[in-house]
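The first residue of the sequence shown is numbered 1, and numbering continues consecutively from there.
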Amino acid sequence: MATGTNSGSTKPCWPSHHIIASTYDNVCVLVNYQRLHHSQDNIHKAFKQETNETDETNNSVLADTSANTTNNTLPQLLNTKDNRQRKRTMRPVSAYEPNDHKNKELMNDIINSCKLKNGFGPSVSASNTSPTKRPLSPDHPNPALPITESPSPAMNRMGWALRTLLVADNSSCLKDRKVSGKLIRKCAPGTEFVDWLVNLSPIVHTRAQAAGMWQALLEEGILSHVNKEQPFKDKCFLYRFRVDEDGTAGAPSSEDINAANEHIRDSLSALFQRGPDATLRMILRKPSHERTTEELELVFEELLHIAALSHLSTSIKRELSSIIVFESHAQAGTILFSQGDEGRSWYIILKGSVDVVIHGKGTVATLKSGDDFGKLALINDAPRAATIVLKENNCHLLRVDKEHFNRILRDVEANTLRLQEHGKDVLVLERVAKQRGQHSAFKYTVMSGTPAKMLEHLLETRLGNQVGGVDPFLDDFLLTHIVFMPVVQLVDELANYFHCDVSDGSQTPDEREYIMNFKKRVIQFMQKWVMAVRHAAFDEPSVCDFIEDLAAEVEADPELHEETSIIHNILTQMSRYQDDRNQNTGQKWKLPPNGQPICLFSGNMTPSKTVIRPDDDIIFRVYCADHTYCTLRFPLHTTAEIIKACAADKLQLNRGPEDLCLVEIKSNGERSVFKDNDVSIPTGLSLNGRLFVSTKDHLDALTPLPEQEGATEAPEVDVEIFSTKELAYYITIFDWDLFWAVHEYELLYHTFGRHHFGKITANLDVFLRRFNELQYWIVTEIVVTPSISKRVALLRKFIKLAAYCKEYQNLNAFFAVVMGLSNMAVSRLQQTWDKIPSKFRKLYQEFEALIDPSRNHRAYRVFVGKLQPPLIPFMPLLLKDMTFAHEGNKTSLDGLVNFEKMHMMAQTMRTLRFCRSRSLGLEPPSPKSEADVRPYISCLRVIDNQRVLTAMSQKIEPTRKL
């Protein structure tokens, strides 16, 4: 991918007067020097004298800063490699000759201007601005300015509450400060703002979170840098509230302080949730060269989920992350550009809507969030074909300017390599864009291709002793090939490569070496394949036969002696898997009739890492319209067509298979019809769902069984007798066993549809069912408790349970518990929640912020990105990512496999591997009650009918009439 020159990294071309720059608390000091010899001590002395003249009054903020910078920054600059020659000829500031007085005056202007920029210099009127203080271009948004004309009422109230508590706190950072002779009312450095907020509330864990919350206030205009030149930074820049700048705020009364405390307690979580978005918008308003590697990664992750960019490759999105810009427009009716104007930018709508207006036709379309516009004029280098008028206040847009659009998007073909055979494309490669701090051993990455050509390219470039570096292409191929290259086809292709020397026994030494290298690469491929997908490879008879053939040929060929250990290791793993499979042959499962979880027919509810296999039998019931039923036993890979035919025969429904359908009736009466080629039917039922067979014209007559509206059967045990930590521990152990049994391939089967592969997703089904079971268990336990005091105790217990699940890194259970507490039937119990201690309410607010789905679950993704395995991830979000990649990208492009889509899916599948890369080793809590807790947590009492749950909630705590 072609990249433009970074303005931050180009060397400036200096004029005849040589100038270098050093930093003084981010104050740019330009030092003019000539070819005269002066000592470093004199320079240092002169530097101190120059800075002390303007900062003698600043005793509070600059005390630490000046000590750090005047003693360290300049000597560090002079001692750098680039300036070792310069320090011998640099001239001290205090040593200027008389004819240099103009240069000295210019330097003093620059110093004062730059200090003003950082809030430490004297203010100047708008009419007397220093010539060196240049405003930012209108085309480049200033991250220090608000994005709205006036703050929203909610944010205004939050700003008032925070300022009230700051002013009321005698030890707080908000003070009048005299800086360079000017008194600035009630201001404070960013570092002290952050310190105060971190100490204010337990929901704020990190300084970055606190800085984001202050930035959310700054972008609304409630807080600002004293000279409006900086966004909020956790540094020694001075900030103050707008009301202090206007002088409209008085001292808070005791009533104000009480009201502020109450508001903070109830609403700080809302500001906490806005922090990440505000930080992202701030980054998107920064110039490209100022964005750090971490910030670029944050922007890139956001771009992955923007529909207008879904067709672009990952490398292009990475380049866009460094140049894409955020801009906001406060007023509806604003004309963004007019028909006939020069095309300067491409826009994507993040928030709001715009009207597309054409001369003589009026408004021809309205574009909303997620739509883009303005691309056509850039591609064709033509005038704007329409006028864009903002339809709403506070529209938020992303913008890519023409220069970058041409470099990154219009010239994609210049960075694309196409390989053709017989006049048709068979492989499309794209140049790998260089990323800051990253190195790739490969210049090109695969974008699309035919399955056979991609395999050939993989064997030639990603395998062999000469290959170094990390590249996901091989792993992506191994994890996703079943989508575009079935196992039988893959094995045939590998066999052809391995036996490519059979046709002619006479080869030159070079040809022989080439053939032997290919044989070795095929063996290495098999090793990587087995490592990547484990037992799934051995489930295919063709793979097992090929491995045995390879082993025989390796043993017989002395030139393959080095590969003997590899093939023996593969044979050992295959033999071990086959022994384990033979030992569990005839394994039977049952789907209990009263809503209990699927379990082994022996009655053992504990999975103990037992994998459900396609040829395992399962026993289940099938009902008909009059609620009579039959009991069937079939392998899990049995299709719906066979099940409905057998059930209809046993229930004496005298209709042909084409007139029948197999359907799930849920507890709320919803119907879900199965396709004839669906497999793994019993494991896919909902918590209290039942399987029915019916004629197609009588589907509307099907009704749930009476017991479906009630609770599932479970042990009659009071949850209060167990310690919360024990519950969390055994829930995590139980969930880990279920999670361990889920294979990465099941995510593909679930996303594309099981019927496309003829494969089961039973282990994934059971794990997803567990999430719903935990969620509705929380709701059920609370709404069946009539005593308010017991409900309060249960709420406290479940909040603690969520905390322990989070501590054990069982995030799937953590989400289930918190979402159960957020269920409408629970959240409406205001009398119960009012009696919860504030400590628990704050903890619950923190948990709600963590599961907040805004910005594509940004809070959760940031949190889980910092964890180390083992952990149990939030599985529904992984499936959402798989679905997004699938539905937003075509599997085939111009007859070639869209491998960029395969890469996106493999990234999600690798998450499972990462989470399980270490074994779970939790310390059991004391006292041990395994015999009682395990049976309880493996079969929970659950009502999953929301209407019933809400009615029970209304009964225990009726809605108050106003």
S.K.: Any cation-pi pair here, R916 with F739, using under 6.0 Å and within 45°?
M.R.: yes

S.K.: Checking R576 side chain against L571 main chain: does a donor-acceptor pair fall under 3.5 Å?
M.R.: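 A pair under 3.5 Å: no.
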
S.K.: If you compare all heavy atoms of C939 against all heavy atoms of A714, which two are closest, and at what distance to 0.1 Å?
M.R.: O-CB, 3.4 Å

S.K.: Take W736 and F767, measure what ring-ring contact (aromatic ring centres under 6.0 Å, His included) needs, and give me the verdict at the end.
M.R.: CA-CA 10 Å; W736 176 261; F767 187 59; 9.9 Å; no

S.K.: Between K666 and P704, which heavy-atom pair has the shortest distance, and what is it?
M.R.: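 Minimum heavy-atom contact is O-CG, 3.7 Å.
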
S.K.: Are the ring centres of F477 and W529 closer than 6.0 Å?
M.R.: no

S.K.: Do E746 and N763 get their side chains close enough for a donor-acceptor pair, meaning under 3.5 Å?
M.R.: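 Side-chain D/A pair, E746 to N763: present.
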
S.K.: Restricting to non-hydrogen atoms, name the atom on I872 and the atom on T732 that form the minimum distance, rounded to 0.1 Å.
M.R.: CD1-O, 3.9 Å

S.K.: Between E555 and T564, does any side-chain donor sit less than 3.5 Å from a side-chain acceptor?
M.R.: no

S.K.: Side chain to side chain donor-acceptor pair (under 3.5 Å) for T724 and K797? Distances and angles first, verdict last.
M.R.: CA-CA 6 Å; T724 309; K797 190 177 192 70; 3.3 Å; yes

S.K.: So does L463 get a backbone contact from the side chain of R521, meaning a donor-acceptor N/O pair under 3.5 Å?
M.R.: yes

S.K.: State, yes or no, whether a side-chain contact exists between E548 and E553 at a heavy-atom distance under 4.5 Å.
M.R.: no

S.K.: Is the shortest side-chain heavy-atom distance between F815 and Q775 below 4.5 Å?
M.R.: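 They are not in side-chain contact.
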
S.K.: Would you call the rings of Y749 and F757 parallel, tilted or perpendicular if under 30° counts as parallel and over 60° as perpendicular?
M.R.: tilted

S.K.: Report the residue from T712, I937, N772, L940 that forms a side chain to side chain contact (heavy atoms under 4.5 Å, CB included) with W777.
M.R.: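 Of the listed options, the one satisfying the test is L940.
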
S.K.: Would R621 and Y629 count as a cation-pi pair here, with the cationic atom under 6.0 angstrom from the ring centre and within 45° of the axis?
M.R.: yes

S.K.: Quick one: does Q809's side chain have a donor or acceptor within less than 3.5 Å of a partner on P870's backbone?
M.R.: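 The answer is yes, because a donor-acceptor pair under 3.5 Å joins these two groups.
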
S.K.: Mark yes or no for whether S723, through its side chain, and E726, through its backbone, hold a donor-acceptor pair below 3.5 Å.
M.R.: yes

S.K.: Any side-chain to backbone donor/acceptor pair from D616 onto R613? Under 3.5 Å, distance only.
M.R.: yes

S.K.: Looking only at the aromatic ring of each residue, does the gap between the centers of Y936 and Y730 stay below 6.0 angstrom?
M.R.: no

S.K.: Between Q573 and H535, do the side chains contain a donor N or O and an acceptor N or O under 3.5 Å apart?
M.R.: no

S.K.: Tell me if the centroids of the rings in Y729 and F734 come within less than 6.0 Å of each other.
M.R.: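 No, they do not, as the ring centres are separated by 6.0 Å or more.
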
S.K.: Is E807 salt-bridged to K800, cutoff N-O under 4.0 Å?
M.R.: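 No, this pair does not count.
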
S.K.: Give the C-alpha distance, both sets of side-chain angles, the deciding distance and a yes or no for side chain to side chain contact (heavy atoms under 4.5 Å, CB included) between K590 and I618.
M.R.: CA-CA 5 Å; K590 66 177 179 179; I618 185 166; 5.7 Å; no

S.K.: If you take all heavy atoms of P593 and R690, which pair is closest and at what distance?
M.R.: O-NH2, 3.1 Å

S.K.: Output yes when a side-chain donor or acceptor of N812 lies under 3.5 Å from a complementary backbone atom of M875, and no otherwise.
M.R.: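 The answer is yes, because a donor-acceptor pair under 3.5 Å joins these two groups.
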
S.K.: Does anything in residues 759-779 pair up under salt bridge (charged side-chain N to carboxylate O under 4.0 Å, His left out), and if so which pairs, sequence neighbours excluded?
M.R.: E540-K759, D735-R770, R754-D765, R770-E773

S.K.: What's the verdict on side chain to side chain contact (heavy atoms under 4.5 Å, CB included) for K675 and D678, showing C-alpha distance, side-chain angles and the deciding distance?
M.R.: CA-CA 5 Å; K675 299 177 181 177; D678 269 337; 3.8 Å; yes

S.K.: Check the angle between the aromatic planes of H886 and F752 and answer parallel, tilted or perpendicular using the 30° and 60° thresholds.
M.R.: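 The rings of H886 and F752 sit tilted, inter-plane angle from 30° to 60°.
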
S.K.: Centres of the Y804 and F814 rings: under 6.0 Å?
M.R.: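 No, they do not, as the ring centres are separated by 6.0 Å or more.
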
S.K.: Can a side-chain donor-acceptor contact be found between N688 and Q708 if the only test is distance below 3.5 angstrom?
M.R.: no

S.K.: May I ask you to decide if C624's main-chain N or O and T628's side chain share a donor-acceptor pair within less than 3.5 Å?
M.R.: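 Not a single qualifying donor-acceptor pair exists.
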
S.K.: Are side-chain N/O atoms of T908 and D881 paired as donor and acceptor at under 3.5 Å?
M.R.: no

S.K.: Look only at the side chain of N496 and the backbone of D492, and say whether a donor-acceptor pair between them is shorter than 3.5 Å.
M.R.: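 Checked: pair present.
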
S.K.: Using the rule given for side chain to side chain contact (heavy atoms under 4.5 Å, CB included), can you reason through T891 versus V483, listing the C-alpha separation, both sets of side-chain angles and the distance that settles it, and then say yes or no?
M.R.: CA-CA 9 Å; T891 304; V483 174; 4.1 Å; yes

S.K.: Do any N or O atoms from the side chain of N810 and from the backbone of A813 form a donor-acceptor pair under 3.5 angstrom?
M.R.: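 Indeed, once roles are kept as given, a pair shorter than 3.5 Å links the two residues.
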
S.K.: Quick one: which of L662, I681, D649 gives a side chain to side chain contact (heavy atoms under 4.5 Å, CB included) with K644?
M.R.: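 Of the listed options, the one satisfying the test is L662.
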
S.K.: Please test T639 against N677 for side chain to side chain donor-acceptor pair (under 3.5 Å), starting from the C-alpha separation and ending with a verdict.
M.R.: CA-CA 5 Å; T639 63; N677 55 357; over 6 Å; no

S.K.: List the steps and the verdict of side chain to side chain contact (heavy atoms under 4.5 Å, CB included) for F634 and I642.
M.R.: CA-CA 9 Å; F634 278 109; I642 295 174; 4.0 Å; yes

S.K.: Which residue pairs pass the salt bridge (charged side-chain N to carboxylate O under 4.0 Å, His left out) test with at least one member in residues 901-910, sequence neighbours excluded?
M.R.: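 For residues 901-910: D475-R910, D476-R910.
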
